[in-house]
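Residue numbers start from 1 in every chain, and the chains themselves are labelled A, B, ... in the order their sequence lines are given, proteins ahead of strands.
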Amino acid sequence: MKVLLSWLREFAPIEGEPQFIADQLSALGLAVEEMQLIGGNLAGIVTARVLALRPHPKADRIQLVDVDAGDGEPLQVCCGAFNMAVGDVVPFATLGTTMPNGMLIERRKLRGEWSNGMLCAAREVGLADAVDGIMILPPELPLGVDFATAMGIETDVLYDLDVTGNRPDALSVAGVARDLAAWLKVPFTMIDPPLEVDPAWQASGLAAVDIVDGDLCGRFHARVLDGIAVGPSPRWLADRLTALGMRPINNVVDVSNYVMLELGQPSHTFDLNQVSGRRIRVRWARDGETVETLDGQTRTLTAADGAICDGDDGVIGIAGVMGGASTEISETTTDVLLEMAWWDPLSIARTARRLGLRSEASTRFERGSDPGVIDVAMRRFVQLLRETTPVRVAAGEIVADGNLPTPATVTLRTARTNAMLGVSLSRHEIAGLLEPIGFRCEVAGEDLTVTVPSFRMVDTTTEIDVIEEVGRHHGFARIERTVPRPTGQAGALSTLQQERRALRHSLVGFGLTEVMPLPFLAPGDLARAGLDADGIRVTNPLVEAESVMRTSLLPGILKTLAFNASHRNPDVECFELGHVFLPTDRSAELPDEREHLGVALGGSEAPAALDAWQVVVDTLGIASWRLVTDTPAGMHPTRSARIEVANTTVGALGEVDPQVLADYGVDRRVAWLQVDLTTLLALPHGPQPYRRVSRYPSSDVDLAFVVPEPTPAADVARALRKGAGALLAELTLFDVYRGDRVAAGSRSLAYRLRFQAPDRTLTDAEVAEVRQRCIDAVTSTVPAQLRG
Amino acid sequence: MTAELDAVVRARTDALAKAAAASTAGELAAVETEVLGRQSAIVELRRSLGRLEPEVRKAVGQAVNEAMGAIGDAVAARRRELDAADRAVRLEAERLDLTEFAPRRRRGHLHPFTAAWERLEDVFVGMGFEVAEGPEIETEWFNFGALNFPEGHPARESQDSLWVDWGAPGSTLLRTHTSPVQVRTMLAHEPPIYVVCPGRVFRQDTPDATHMPVFHQIEGLVIDRGISLGDLAGTLDSFVKAFFGGEFSSRLRPSYFPFTEPSAEFDVQRPDGSWLELGGCGMVHPNVLRAGGIDPEQWSGFAFGFGIDRFALTRHGVDDLREFWSGDSRFLSQF
């Protein structure tokens, strides 16, 4: 909502520097998004007449203009606009002028032609744009005189306010003025236009209004006018509309808009002779009913839309949203029905949105217009229209009532108000804050009974709504600041949150870069990554390529690798820790949402993923885990394994399937680790019990076994651990040999076992015995032979 | 007696000359044996002392001892010289130009959003808050209904939200704020509640330099007895000073959100006097407390929220939000 300071001052004596007033508006919750000084800093700009227009010899987008700036001498100017004609009077910035935007006008050459000043567009002289191009001034103006004086431009300030949804009152100049006047403790005076009617011409016989559905229309006022000559608006009125962002059209439309901006009440005019039966019926539309609206389009209505119908029950307008073409005012119009109504906010919102017809008017109805201002608005409409055309007004107002809500009466507890705001106001002080903004207060014991004004009845219905008003007008800045401290709670991260952090920092320390690909995938991305194609779909995606929620971190990270590879960074090593969304059980209230870790080591083979997994193991304190040879979805069929902790699958590691890599445009191997942290962190883990470091010497024993290929080395290691028992301090697989010296289809696995007792030096006999137990354990459980 | 003393001087002179002439550690070891060993002239002289007259023996003995000390010192000094020379040769042989090398092991890089997220959490943890979390796909009730968005509220039906094909149409969406976590926290815990809820949220925003359909925000919720708007203003001001620095200040401006009343925008004032709009806040609306199973007559509370990603943007002077989501290692490795 834009307001002009001069307009506000018609309601209240508001004084102060423009910035001071802006700060006060912001402090009231009417945030000033932009402040514009109008009519200031125009010294040096004079009136001038266009004498001749010539093409620029070297440029198409500028032309040469000769102007007479009062002395009769033609002065050449280069100009980028083409909207003026010879004889037009235009604003002309003379050499040496500093424009409102700070630009200095100097004599200069534009592609070889001299320019001795600048012709000005409206925006360049601080006025709102009415037309594109150079501003064309009234032809009768004298030449060479000060532009601002000649045009009667007074300095003014335009504030563009961000009005929040709970402030229907502030969608009008009067409402803003009321709020600001109360804050500045100056009186607010509502306008009180006179209304002269023709007592011989009675409205009651001229038209009738029926509200069929009272839940749609709370109140419908109509007056009958005639004698309207459609023509241009007075300049001051058009200027105000322009400043507030509305385009002047003609006196009738402009007055309607002016009254709406000033008082917040939209209106509509019907050519009464075109309204069948001269009767208006207001009801819910029926599904499929159609109406041609003012913009010439045929609109199909639903039962949730409000319809304005004629005496034959045919639709002639969409309630609160747009009038119909059939009853539009034209040159042949004589009798006019002027309508001002109060519509159900929700239905207007619904219809305006559905039809894409949100307008200044529908926005006001949506927020809740003020039924109490209709009478003033009617009189104002007539008063303003009479500035341009002698309107006759029929005596009597046609009023139909629907279910107009009653403004709430709220018990406002003084103690509650003070407790919520953190202030200590008396009930009289509270009343003193509320009364100037229209809330009527009556003392009720320690408390107040507050009647909400009609202009706030939609948004203000409960005690807390009124407390907000008290806070606003007391001033948020005046509230003493206190800091509550929780009792019985020390601030802390949960174990899970600490572990998640530790994991991220460990992985970063390990050399990996954290990435955040978008969690949206394109249809086909999952299948292309070798995964189940069933993902949860976004039903209204921005683009189809972002319409599927990821079920795995793999596709997003593969895209990251491909992106980097295409920018000559082939071997990126990265990780992501984020949510995946599994459609596991479609009858559940929400999807199976899990936190996953994905690690990709570009250019590395499968074993590198084991290094990353060990970082996870060491960081989280996972006591035991094992790899189970497997081909998890999307992974390399012969270079991958599942990870099990406590017999539960918690992830997988290995390499990404070469076919998947090819499909994603990654041409190097990628070692891959994925961990379902939601599952893993629910299993026992954490700091492991301390094992005393033995002070006695250790003994190393090397054992090599020939093992057939299908037998995992893990089986051999498990047997060795079992055989060695508590004396085993360390087990290392230090050599794997395949070749001529072992049987085909087998390999030699050489282990170093380090034995150590916590309390003594092991004897040779003890070492020999445990060595034999290890050999026996392996050969009895695994098809392996000790290598001589 | 002169003859004996002359012999000592000769032996000493000879030994010092040989020690000085040794050019390797091996030669020096041989010289040491020759001039100080059992066969050496000086040791021979010491052995012969017993044969001298007592009055002579004292003077000659003293000369022998001095000579042996001097020879020992000379040998040791020569050894140090030769060792130093050896070391110099060895070191020269292994000289490296370190500017020929690039680091081979590097720490990775925490995403700047994570870094900002953690810094924010740390400030609130220091103020006594805990950290609450919740799902990113939410029910309409948790995202809107419980938060006092009236039926027909534009945010509820508009295309600002991203909806998913889960359950009945319009029942499930990607959460548009982390406020659902506030409701979940209220339902799970009795007051007092002091939590912050950082998390990922979603809007139907076309990506540009300052908007992404996915972003991160942090919200705070305090519910206790007698919590007031003054408590909110004071808590936020404490946060601002802890996070930005003591020379920053803050203000509240009246605003409107369905889930708080009174509602406010909170702005931070930089030391140069300019203002930064940080986020929204307010007293938790009684209807929201009721939805969370809390009696608004017994308890009151405040809530606040603001974006996280912008901190990363301004901290590092990045001018386009999309960079953070690109996965471009040339970008991410700068942090």
Under 4.5 Å to a heavy atom of chain A? For B:Ser263 that would be both

- Inspect the contact between A:Arg353 and A:Glu366 and indicate whether a charged nitrogen and a carboxylate oxygen are less than 4.0 angstrom apart. no

Most contact-rich option vs chain A, by heavy-atom pairs under 4.5 angstrom, among B:Ala233, B:Ala264, B:Ser326, is B:Ala233

Salt bridge (charged side-chain N to carboxylate O under 4.0 Å, His left out) evaluation trace for B:Asp237 with A:Arg481
CA-CA 8 Å; B:Asp237 200 55; A:Arg481 295 175 176 192; 3.0 Å; yes

Turns out that what part of B:Ile227 lies under 4.5 Å from chain A's heavy atoms comes down to both

So, the part of A:Glu589 with a heavy atom under 4.5 Å from chain B: the answer is both

Answer yes or no: is there an ion pair linking B:Glu277 with B:Arg251, defined by an N-O contact shorter than 4.0 Å? no

Centres of the B:Phe304 and B:Phe124 rings: under 6.0 Å? yes

Whatever's closer than 4.5 Å to a heavy atom in chain B on A:Pro484 counts as both

Looking only at B:Val214, B:Val195, B:Leu332, B:Leu110, the option with the highest number of non-hydrogen pairs under 4.5 Å against chain A is B:Leu110

Ring centroid separation A:Phe510 to A:Phe575 under 6.0 Å = no

- Query: Do A:Gln498 side-chain atoms and A:Leu493 backbone N/O form a donor-acceptor pair below 3.5 Å?
  - Reply: yes

Charged N to carboxylate O under 4.0 angstrom, A:Arg456 versus A:Asp169? yes

Among A:Met420, A:Arg472, A:Arg504, A:Arg501, the residue with the most heavy-atom pairs under 4.5 Å to chain B is A:Arg501

The interface call for A:Leu496 against chain B, heavy-atom contacts under 4.5 Å, is side chain

Checked A:Val483, A:Thr164, A:Leu421, A:Val515 vs chain B; the most non-hydrogen pairs under 4.5 Å come from A:Leu421

- So, B:Glu121 and A:Gln497: side-chain donor and acceptor under 3.5 Å apart, yes or no? no

Highest number of heavy-atom pairs under 4.5 Å with chain B among A:Glu576, A:Lys559, A:Met516 belongs to A:Met516

May I ask you to say whether B:Arg203 pairs ionically with B:Asp205, meaning some side-chain N is under 4.0 Å from a carboxylate O? no

Residue from B:Met283, B:Glu118, B:Arg107, B:Arg253 scoring the most non-hydrogen pairs under 4.5 Å with chain A is B:Glu118

The interface call for B:Phe129 against chain A, heavy-atom contacts under 4.5 Å, is backbone

Bottom line for B:Thr206: the part with an atom under 4.5 Å from chain A's heavy atoms is both

So, the part of B:Arg105 with a heavy atom under 4.5 Å from chain A: the answer is neither

Ranking A:Ile467, A:Thr462, A:Ile536 by heavy-atom pairs under 4.5 Å to chain B gives rank one to A:Ile536

So, the part of A:Asp459 with a heavy atom under 4.5 Å from chain B: the answer is neither

Whatever's closer than 4.5 Å to a heavy atom in chain B on A:Leu28 counts as backbone

The side chain to side chain donor-acceptor pair (under 3.5 Å) partner of A:His579 among A:Glu593, A:Glu595, A:Arg550 is A:Glu593

Counting heavy-atom pairs under 4.5 Å with chain A, the top scorer among B:Ser238, B:Ser171, B:Pro192, B:Gly327 is B:Gly327

- Message: If you count every heavy atom of other residues, nucleotides or ligands that lies below 6.0 Å from A:Glu33 atom CD, does the total exceed 12?
- Response: yes

Charged N to carboxylate O below 4.0 Å: is that the case for A:Asp179 and A:Arg167?
yes

Note: vs chain B, highest number of non-hydrogen pairs under 4.5 angstrom among A:Glu469, A:Glu480, A:His567 is A:His567

If one checks every heavy atom of A:Ser26 against chain B at 4.5 Å, the contacting part turns out to be both

To the nearest 0.5 Å, atom CD of A:Gln489 lies from atom CD1 of B:Ile193 at 9.5 Å

If one checks every heavy atom of A:Pro345 against chain B at 4.5 Å, the contacting part turns out to be neither

Okay, B:Thr235 and chain A: the region with an atom under 4.5 Å from a heavy atom over there is both

| request: Could you tell me whether the side chains of A:Thr539 and B:Asp165 share a donor-acceptor contact shorter than 3.5 Å? | output: no

Okay, A:Arg413 and chain B: the region with an atom under 4.5 Å from a heavy atom over there is side chain

B:Phe113 vs B:His111 aromatic rings, parallel, tilted or perpendicular, using cut-offs 30° and 60°?
tilted

The interface call for A:Arg500 against chain B, heavy-atom contacts under 4.5 Å, is side chain

Highest number of heavy-atom pairs under 4.5 Å with chain A among B:Arg106, B:Glu265, B:Met127, B:Glu136 belongs to B:Glu136

No-hydrogen, no-angle side-chain donor-acceptor test under 3.5 Å, B:Gln269 and B:Ser274: no

Pair count under 4.5 Å, heavy atoms only, with chain A: among B:Leu232, B:Leu174, B:Leu173, B:Val131, highest is B:Val131

Nearest heavy-atom contact between B:Ala146 and B:Val183 is CB-CG1, 3.8 Å

B:His216 ring center near B:Trp325 ring center (under 6.0 Å) | yes

Applying a strict 4.5 Å limit to non-hydrogen atoms, the region of B:Ser250 in contact with chain A is both

Okay, B:Ser255 and chain A: the region with an atom under 4.5 Å from a heavy atom over there is both

Honestly, the part of B:Phe202 sitting under 4.5 Å from a heavy atom of chain A is side chain

The interface call for A:Asn166 against chain B, heavy-atom contacts under 4.5 Å, is both

Max heavy-atom pairs within cutoff under 4.5 Å with chain B, candidates A:Thr560, A:Val538, A:Ile479, goes to A:Val538

Applying a strict 4.5 Å limit to non-hydrogen atoms, the region of B:Pro286 in contact with chain A is side chain

